[in-house]
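What follows is a short report on a single structure.
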2 protein chains.
Amino acid sequence: MAITLGSVQLRIMRVLWDEGEATARRITDVLSEQSPIAHSTVQTLLRKLETKRAVAHEQQDRTFFFRALVAESEVTRSAAQDLLARVFQGSISGLVGHLLESEEVSPEEMQRLRQLVNHKTQEASE
Amino acid sequence: MAITLGSVQLRIMRVLWDEGEATARRITDVLSEQSPIAHSTVQTLLRKLETKRAVAHEQQDRTFFFRALVAESEVTRSAAQDLLARVFQGSISGLVGHLLESEEVSPEEMQRLRQLVNHKTQEASE
DNA sequence: GATCGTAGTTTACCACGGTAAATCTCAGAT
DNA sequence: ATCTGAGATTTACCGTGGTAAACTACGATC
C-alpha cells in the first residue's frame, strides 16, 4: 500500500493537513499563491486523490469539504523509503552523504541532525 | 536539468555504471536475474534513455554497445534533492528522522552515518 | 424571471514510464 | 538458396500525473 503522490497532489494534501479541512476553492487559492493553477485542475486532482482513498469529502449545502484520509507521516515515510530502496538500495548513509555534499545545510539543521543520530545511537546501546 | 529516471531505467543505468558498457542483450540478462523482463522492453527504455541523453551507443558489427552519459552521483543526487524539496521541503533532519524511525538500521550504517554528520560538523567549525 | 457567479461534473489532451508484440534486416548454418 | 536466430526498429497499449476547457446545476441578485 505505498501511497505515492505527485508534486501537486502533495501540495494539495499539505493544505488539508494544515487546515484540517478545506474546500476545493480554498485549496486553489492557497496553491495559486505560489503559482497559478486552474480551479478545475485542483478539482480533478482531488477526485483522483479520492479515488485512491487519500482524501474524502462531505457535503454542506452545495459545497464539498475535503479532508485527508492519510497522515502526513505516512506519505512522507513511504516516499523516503521508496527513494531509499530504489535509488540508494537501502543505504541511509549513502543518501545522507549525497545530501550533505550537495546542499547548503544550516547550523541549526546540522544540530538537529546530530541529535537525531546520537539519540538513535544511544537507543541501540541501552 | 534534473535527470529523473524511473525504477527500471535506473536498474539499466546501474548495469552500465557497473560494467562500463554493455549490449542490450547483456542488460536484459542481468535484469532478468531479478525479475524477468522482455528484451524489447529493455531496448525501448534504452531508446528513451538515449533520447534524454542519459546514455549513448556505438555500433560494432550489427550490435550496439551502450554506455552511460551521466554519472551515478549526478542521478542519485538529483533524486535525493528532488525528494528533499518536494516532500520534506528542504529539511534533511525531517527526512533522516523519518528514515531512522521506520527502517531497521544496522550498527555499521549508524556508524557511517555518525561519521558523516560529525565530519561535516567539524568542517563547518574550521 | 433573466442573469451572473460559483460549485461540481464531464471530457479531453499531453507526457512519461513501463510493457511488449510484430516486423525488418542480415549474417551464419544447413 | 533457404532457413534460422539475433539484432534493431516500429508500433501500440496501459496507468498515472498534470492540465484545463466545456458543461451542468443552482442560489442570489437586479
Side-chain angles (χ1 to χ4, degrees), chain A residues 1-15 21-32 34-67 70 75 78-79 82-83 85-87, chain B residues 1-15 21-32 34-67 70 75 78-79 82-83 85-87:
Chain A
M1 288 290 119
I3 304 139
T4 31
L5 304 178
S7 55
V8 181
Q9 293 182 347
L10 204 51
R11 288 172 58 212
I12 289 175
M13 293 304 292
R14 229 170 255 141
V15 177
E21 68 175 14
T23 64
R25 172 59 57 191
R26 170 68 184 151
I27 294 170
T28 301
D29 290 345
V30 173
L31 295 196
S32 292
Q34 287 199 351
S35 64
I37 186 168
H39 186 47
S40 56
T41 301
V42 173
Q43 280 173 318
T44 302
L45 290 181
L46 279 167
R47 215 158 257 271
K48 290 180 177 180
L49 284 169
E50 195 151 24
T51 302
K52 66 170 115 168
R53 305 265 186 274
V55 310
H57 76 267
E58 61 187 46
Q59 198 163 349
Q60 275 169 30
D61 294 308
R62 290 286 166 280
T63 306
F64 288 3
F65 287 81
F66 292 88
R67 62 190 172 80
V70 292
V75 171
S78 58
D82 180 64
L83 181 81
R86 266 199 19 234
V87 182
Chain B
M1 287 288 120
I3 303 141
T4 32
L5 304 178
S7 54
V8 181
Q9 294 183 347
L10 205 51
R11 287 172 58 213
I12 289 175
M13 293 304 291
R14 228 169 257 140
V15 177
E21 68 174 15
T23 63
R25 172 59 56 190
R26 169 68 185 151
I27 295 170
T28 301
D29 291 345
V30 173
L31 295 195
S32 291
Q34 287 198 351
S35 64
I37 186 168
H39 186 46
S40 57
T41 301
V42 173
Q43 280 173 318
T44 302
L45 289 181
L46 278 168
R47 215 158 257 272
K48 290 181 176 180
L49 285 169
E50 195 150 25
T51 302
K52 65 171 116 169
R53 304 265 186 274
V55 309
H57 76 269
E58 60 187 47
Q59 197 163 347
Q60 276 169 29
D61 294 308
R62 289 287 166 280
T63 306
F64 288 3
F65 287 80
F66 292 87
R67 63 191 172 78
V70 293
V75 171
S78 60
D82 181 64
L83 180 82
R86 266 197 22 233
V87 181

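Each chain gets a letter, A, B and so on, in the order the sequences are listed, and its residues count up from 1.
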**Prompt:** Can you check whether A:Lys52 has a side-chain N or O nearer than 4.0 Å to OP1 or OP2 of D:dG17?
**Reply:**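 A:Lys52 to D:dG17 OP1/OP2: side-chain N or O found under 4.0 Å.
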**Request:** May I ask you to verify if any side-chain N or O of B:Arg25 is less than 4.0 angstrom from the OP1 or OP2 atom of D:dG7?
**Result:**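 Yes, within the criterion.
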Starting at [atom1] of [X] and ending at [atom2] of [N], how long is that distance when rounded to a whole Å?
| X | N | atom1 | atom2 | value |
| --- | --- | --- | --- | --- |
| A:Asp29 | C:dA7 | CG | C1' | 13 Å |
| B:Phe66 | D:dG7 | CZ | C1' | 11 Å |
| A:Ile3 | D:dG17 | CD1 | C1' | 17 Å |
| A:Leu45 | C:dG8 | CG | C1' | 15 Å |
| A:Leu31 | D:dA20 | CG | C1' | 15 Å |
| B:Asp61 | D:dG5 | CG | P | 20 Å |
| A:Arg47 | D:dT16 | CZ | P | 17 Å |
| A:Ile27 | D:dG18 | CD1 | P | 14 Å |

**Message:** Taking the nucleotide of DNA chain C with the nearest heavy atom to each, does A:Thr63 or B:Pro36 sit closer to the 5' end?
**Reply:** A:Thr63
**Shortest non-hydrogen separation from B:Ser78 to B:Ile3 and the atoms involved** = OG-O, 3.1 Å
Between atom [atom1] of [X] and atom [atom2] of [Y], what is the distance when rounded to the nearest 0.5 Å?
| X | Y | atom1 | atom2 | answer |
| --- | --- | --- | --- | --- |
| B:Thr4 | B:Leu83 | OG1 | CG | 12.5 Å |
| B:Arg14 | B:Leu5 | CZ | CG | 10.0 Å |
| A:Leu46 | A:Ile27 | CG | CD1 | 4.5 Å |

**Asked** Given the rule in the side-chain contact (heavy atoms from CB on, under 4.5 Å) test, do A:Val75 and A:Met13 qualify, once you have shown the distances and angles that lead to the verdict?
**Response** CA-CA 10 Å; A:Val75 171; A:Met13 293 304 292; 5.6 Å; no
**Prompt:** Hey, does B:Thr4 reach any base, or is it just sugar-phosphate, or nothing, if we go heavy atoms under 4.0 Å?
**Reply:**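 If one applies the 4.0 Å heavy-atom cut-off, B:Thr4 turns out to touch the sugar-phosphate alone, with no base involved.
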Below 3.5 Å between N/O atoms, which protein atoms pair up with nucleotides 21-28 of chain D? Just atom names and distances, please.
| unit_1 | atom_1 | unit_2 | atom_2 | d |
| --- | --- | --- | --- | --- |
| D:dA21 | N7 | A:Ser40 | OG | 3.2 |
| D:dG27 | OP1 | A:Arg62 | NH2 | 3.3 |

**Message:** Need to verify one output field. Residue with the more 5' nearest nucleotide on DNA chain D, B:His39 or A:Gly6?
**Reply:**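 Its nearest nucleotide being more 5', the pick is B:His39.
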**Prompt:** Angle class for the B:Phe66/B:His57 ring planes (parallel below 30°, perpendicular above 60°, tilted otherwise)?
**Reply:**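 B:Phe66 and B:His57: tilted rings.
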**Request:** For the residue pair B:Gln43 and B:Lys48, confirm or rule out a side-chain donor-acceptor distance under 3.5 Å.
**Result:**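 There is no such pair (donor and acceptor under 3.5 Å, judged by atom type) between the side chains of B:Gln43 and B:Lys48.
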